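This is the structure I have questions about; it appears just below.
These numbers were taken from a predicted model, which means no experiment stands behind them.
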Amino acid sequence: MDVTPLVPKDRQVIESYGAGSFRVSGVMHKGAVMVLPLATYPWSAASMTEISLDNLAPVIEAKVEILLLGCGPKMIRLAPAVRQSLRDHGIVADVMDTGAACRTYNILLAEDRRVAAALLPVG
């Protein structure tokens with residue numbers, strides 16, 4: 001039985017992660033990435049302390065509802081000011097380890113939710 005979620009072909013699906021890189025819809029990306037339903041970008045944040053509205057601008061412009069923040073191998077808190085600023089833009093931020101963020105992104109994408117993932121690499 002195939003349990004792969006049905007996702008339209010033009011959507012960005014996170015296929016794998018590890019060793020400092022991500023494979024998204026057949027393309028390898030080194031370092032941190034921001035994955036939106038229709039595009040994947042390099043992300044300038046190298047740690048949770050570097051997250052700002054400036055480096056999350058593509059998420060705000062895309063008018064997503066949910067932002068999954070993958071903070072590497074273990075969960076780290078998001079600065080309250082950044083969380084509130086995202087909320088002011090109508091975006092709920094959910095912080096989790098990168099693996100959980102990748103899996104959750106794919107599920108929400110399959111449900112056709114307006115979701116994005118900003119992912120710090122593991123390893």
Within one Ile-Leu-Val-Met-Phe-Trp-Tyr cluster: L36 and Y17, side-chain cutoff 4.5 Å: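 No, no single cluster joins them.
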Side chain to side chain donor-acceptor pair (under 3.5 Å) against T40, all qualifying residues, sequence neighbours excluded: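 With neighbours one apart ignored, the set is Q12.
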Audit row: V122, D97, side chain to side chain contact (heavy atoms under 4.5 Å, CB included) steps and yes/no: CA-CA 9 Å; V122 295; D97 67 75; over 6 Å; no
Hydrophobic cluster identity match, V59 and M96, side-chain contacts under 4.5 Å: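 Hydrophobic grouping puts V59 apart from M96.
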Residue pairs passing the salt bridge (Lys or Arg N to Asp or Glu O under 4.0 Å) test where at least one lies in residues 35-46, sequence neighbours excluded: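 Non-adjacent pairs meeting salt bridge (Lys or Arg N to Asp or Glu O under 4.0 Å): zero.
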side-chain hydrogen bond (donor to acceptor under 3.5 Å, both in side chains) contacts touching residues 84-93 (sequence neighbours left out):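 Matches after skipping sequence neighbours: Q84-R87, Q84-D88.
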Cluster check L86, Y41: I/L/V/M/F/W/Y, side chain < 4.5 angstrom: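 Yes, because L86 and Y41 connect within a single hydrophobic cluster, where side-chain heavy atoms sit under 4.5 Å apart.
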Side chains of L119 and C102 in contact at under 4.5 Å (non-hydrogen atoms):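 Yes, close enough: below the 4.5 Å cut-off.
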L108 vs R114 side-chain heavy atoms within contact, under 4.5 Å: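 No, too far: nothing below the 4.5 Å cut-off.
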Kindly list each side-chain donor-acceptor pair under 3.5 angstrom involving residues 62-80, sequence neighbours excluded, with atom names and distances?
none

Derivation of the side chain to side chain contact (heavy atoms under 4.5 Å, CB included) call for I107 and R113: CA-CA 9 Å; I107 290 167; R113 303 288 299 272; over 6 Å; no
Co-membership, hydrophobic cluster, residues I91 and L53, 4.5 Å side-chain: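 Yes.
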Please report, to 0.1 Å, the donor-acceptor pairs under 3.5 Å made by any side chain of residues 20-30, with sequence neighbours excluded.
residue	atom	partner	partner atom	Å
S21	OG	G18	O	3.2
R23	NE	E15	OE1	3.0
S25	OG	R11	O	3.2
S25	OG	V13	N	2.9

Shortest non-hydrogen separation from L109 to V115 and the atoms involved: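 It is N-CG1, 4.0 Å.
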Co-membership, hydrophobic cluster, residues V33 and I51, 4.5 Å side-chain: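 No; tracing contacts between hydrophobic side chains, which count when under 4.5 Å, never links both residues.
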Please list, one pair per line, the donor and acceptor atoms closer than 3.5 Å that link side chains of residues 43-50 to other protein atoms, with sequence neighbours excluded.
residue	atom	partner	partner atom	Å
W43	NE1	N55	O	3.0
S47	OG	T49	N	3.4
S47	OG	T49	OG1	2.8
E50	OE1	A46	N	2.9

